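Presented below is the structure to which this report refers.
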Amino acid sequence: MATTVTLEKCGRNHGYKGLDNSSFCPDSQCCIVGGPDCIDSVIDMESVCKRVTASGLGVAVSVSKDAGRYLCDFTYYTSLYLSHGRSAFVHVPPLGKPYSGEDLGRALQAIVREMLELLDQAEEKIHCQQHFH
């Protein structure tokens, strides 16, 4: 269970052995047969974490490389695969443990703003590079 707001850096394809709440587990024990072992988000989660932390919201933000081989990781990997890395997954602690809904809402707004800002900057670089070729 998350104790900080946790930005997931990547999703993993293999190692799904536990049953979900509907008693389902893929026979292949992976998300996408033939897919890469790991897919990183195109969003620089380390930068997002640093920028949100520096903003002084009072909510701890961290980065993880392992969402756990269960529904979260399965969903994230599948989303990353289908979007070619243009996806994000954020684990949030339960309300009141230790943050209020208002605190978490402010933190999530800041995280989304930073992600969009980084994506805008990346798009500008791509357009500038294409313009010079």
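Every value quoted in this text rests on a predicted model; they were computed, and no experiment measured them.
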Output, in order, the C-alpha distance, side-chain angles, deciding distance and verdict of side chain to side chain contact (heavy atoms under 4.5 Å, CB included) for Arg12 and Arg69. CA-CA 8 Å; Arg12 303 201 181 271; Arg69 300 306 183 284; 2.7 Å; yes
Has the side chain of Thr78 got a donor or acceptor atom that lies under 3.5 Å from a matching backbone atom of Phe74? yes
Where do Thr4 and Ala60 come nearest, in terms of heavy atoms and distance? CB-O, 3.5 Å
Run the numbers on Ser55 and Arg51 for side chain to side chain contact (heavy atoms under 4.5 Å, CB included), then give the verdict. CA-CA 6 Å; Ser55 71; Arg51 292 167 76 161; over 6 Å; no
How about Tyr77 and Pro36: do any of their side-chain heavy atoms sit closer than 4.5 Å? yes
I'd like to know whether Ser64 forms a side chain to side chain donor-acceptor pair (under 3.5 Å) with Thr6, so could you lay out the CA-CA distance, the side-chain angles of the two residues, the decisive distance to 0.1 Å, and finally the verdict. CA-CA 6 Å; Ser64 167; Thr6 307; over 6 Å; no
Under 4.5 Å between any side-chain heavy atoms of Glu8 and Lys65, yes or no? no
Within one Ile-Leu-Val-Met-Phe-Trp-Tyr cluster: Val48 and Tyr99, side-chain cutoff 4.5 Å: yes
About how many Å separate CD1 of Ile43 and CG of Leu119, when rounded to the nearest 0.5 Å? 4.5 Å
Would you check if Met115 and Leu7 make a side-chain contact, meaning some heavy-atom pair closer than 4.5 Å? yes
For residues Ser87 and Tyr81, determine if any side-chain heavy atom of one lies less than 4.5 Å from a side-chain heavy atom of the other. no
Does the pair Glu117 and Arg113 meet the rule for a salt bridge (charged side-chain N to carboxylate O under 4.0 Å, His left out), with working shown? CA-CA 6 Å; Glu117 178 68 26; Arg113 268 195 305 272; over 6 Å; no
Across all chains, not counting sequence neighbours, the side-chain contact (heavy atoms from CB on, under 4.5 Å) partners of Val112 are Leu116
Keeping the roles fixed (side chain from Ser100, backbone from Gly96), state whether a donor-acceptor pair exists under 3.5 Å. no
Roughly how far, to the nearest 0.5 Å, is CD1 of Ile111 from SG of Cys49? 8.0 Å
Would a 4.5 Å heavy-atom cut-off, applied to side chains only, mark Ser47 and Leu118 as touching? yes
Heavy-atom distance under 4.5 Å between the side chains of Tyr70 and Asp20, does that happen here? yes
Passes side chain to side chain contact (heavy atoms under 4.5 Å, CB included), Asp103 versus Leu57? Steps please. CA-CA 8 Å; Asp103 290 339; Leu57 288 175; over 6 Å; no
Please check: side-chain N/O of Asp73 versus main-chain N/O of Gly11, any donor-acceptor pairing under 3.5 Å? no
Test side chain to side chain contact (heavy atoms under 4.5 Å, CB included), reference Tyr76, set Cys10, Cys31, Ser41, output is Ser41
Ring centres of Phe89 and His91 under 6.0 Å apart? yes
Enter the distance from Asp27:CG to Tyr16:OH here, rounded to the nearest 0.5 Å. 15.5 Å
What I'd like to find out is whether the side chain of His14 reaches to under 4.5 Å of the side chain of Asp37, using heavy atoms alone. yes
Answer yes if Ile39 and Leu82 sit in the same cluster of Ile, Leu, Val, Met, Phe, Trp and Tyr residues linked by side chain heavy atoms under 4.5 Å apart, and no otherwise. yes
Lys9 and Glu46: side chain to side chain contact (heavy atoms under 4.5 Å, CB included), yes or no, with the steps? CA-CA 8 Å; Lys9 199 171 184 166; Glu46 299 286 349; 3.5 Å; yes
If I take atom SG from residue Cys30 and atom CG from residue Asn13, how far apart are they, to the nearest 0.5 angstrom? 4.5 Å
Can you tell if the side chain of Thr3 reaches within under 4.5 Å of the side chain of Pro93, non-hydrogen atoms only? no
Rounding to 0.5 Å, atoms CG (Leu71) and CG (Asn21) come to a distance of 6.5 Å
